[in-house]
Amino acid sequence: MSHARFQEDFFGRDVLEVIPELLGKYLIRKFDDGTIHKYLITEIEAYRGEEDLACHASKGRTNRTEIMYHDGGHLYVYLIYGIYWMLNIVTGSKNNPQAILIRGIEGFDGPGKLTKHLKIDKSFNGENLVTSDRMWIESNTEKINVGFKTYPRVGIDYAGEIWKNKPWRFILSDNL
DNA sequence: GTTAAGATTCCG
DNA sequence: GGAATCTTAACG
């Protein structure tokens, strides 16, 4: 099969619409040595708008969150705890800050672990998944319908009961 | 300029 | 449970 890279229209919708569809799809990484690897996306979380107190954009538009205000399809990458890079995919329309945190891919569970393996760093912040030659998303032709379960998001105790309890963490089930 | 806290992981 | 480790944002 030729490339089935996802385009702007996929990422441009509301994050809650995109997130169940992103599960079970492939994250493609082309490393500097030219090798291309495909990773099944197994665990992701949604962060939705300024009203979502767990979303970084809840504090408004800053240099850090600027990328989330762009239209969908860009990457939002930041360092957490001084050690780990977090990989997020921006979704939604322009000036509508949303993102999906990639928490797990096949073989590498944990947002900090997978970015280490994928060699993600700050240079990926703002990367465009539609035009990038080192990272993009492809459809999965083998598994059309995937099962998933939802859970509350992780590590956001500060966000208050309402947002803390939103079932916006999606995990791929053993499917079909 | 200083400081507090964080979308995590590993070790004990 | 605690440390590692550094960027961001909120002070002033």
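Every chain is numbered from 1, with letters handed out A, B, ... down the list of sequences.
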Practice task
Considering just the side-chain nitrogens and oxygens of A:R169, establish if one lies under 4.0 Å of OP1 or OP2 belonging to B:dA7.
Solution key: no

Problem - Nearest to side-chain heavy atoms of A:Y81, which nucleotide of C:dT8, B:dT9, B:dG6 - result: B:dG6

Exercise for the section: Pick base, sugar-phosphate or nothing for A:K164, based on heavy-atom distances below 4.0 Å to the nucleic acid. Expected result: nothing

Exercise for the section: Supply the atom-to-atom distance A:R103 CZ to A:D109 CG, rounded to the nearest 0.5 angstrom. Expected result: 9.0 Å

Handout entry: Min side-chain heavy-atom separation A:I83-A:I80 under 4.5 Å
Key = no

Practice task
Write down the partner of C:dT5 under the Watson-Crick or G-U wobble criteria, each distance required to be under 3.5 Å.
Solution key: none

Practice task
Starting at atom CG of A:D109, determine the distance to atom P of B:dC10, rounded to an integer number of angstrom.
Solution key: 11 Å

Exercise for the section: Determine whether more than 12 heavy atoms belonging to other residues, nucleotides or ligands lie under 6.0 Å from atom CD1 of A:I162. Expected result: no

Exercise for the section: Among B:dT8, C:dA10, C:dA4, find the nucleotide with the atom closest to the side chain of A:I83. Expected result: C:dA4

Problem - Between B:dA5 (P) and A:Y78 (OH): distance, integer Å - result: 18 Å

Handout entry: Heavy-atom check, side chain of A:K113 versus side chain of A:K116, under 4.5 Å
Key = no

Fill in the blank from the handout: Whole-Å distance, A:R61 CZ to C:dA9 P, equals 13 Å

Practice task
Consider the side chain of A:R64, meaning its heavy atoms from C-beta on, and name the nucleotide among B:dG6, B:dT9, C:dA9 that approaches it most closely.
Solution key: C:dA9

Exercise for the section: For A:Y84 and B:dA5, give me the distance from atom OH to atom C1', rounded to whole Å. Expected result: 17 Å

Problem - Distance, rounded to the nearest Å, where A:K59 contributes NZ and C:dT7 contributes P - result: 17 Å

Practice task
Looking only at side-chain atoms of A:L79, point me to the closest of B:dA7, C:dC6, B:dT9.
Solution key: C:dC6

Exercise for the section: Pick base, sugar-phosphate or nothing for A:I156, based on heavy-atom distances below 4.0 Å to the nucleic acid. Expected result: sugar-phosphate

Exercise for the section: Take the protein atom NE2 of A:H56 and the nucleotide atom P of C:dT8, then report the distance between them rounded to whole Å. Expected result: 11 Å

Handout entry: Length of the line joining A:M86:CE and C:dC6:P, which is rounded to integer Å
Key = 15 Å

Practice task
State plainly whether the residues A:K38 and A:E106 are in salt-bridge range, i.e. N to O under 4.0 Å.
Solution key: no

Exercise for the section: Could you state the atom-to-atom distance from CZ of A:R48 to C1' of B:dA7 in whole Å? Expected result: 18 Å

Handout entry: N/O (side chain, A:K116) to phosphate O (OP1/OP2, B:dT9) under 4.0 Å
Key = no

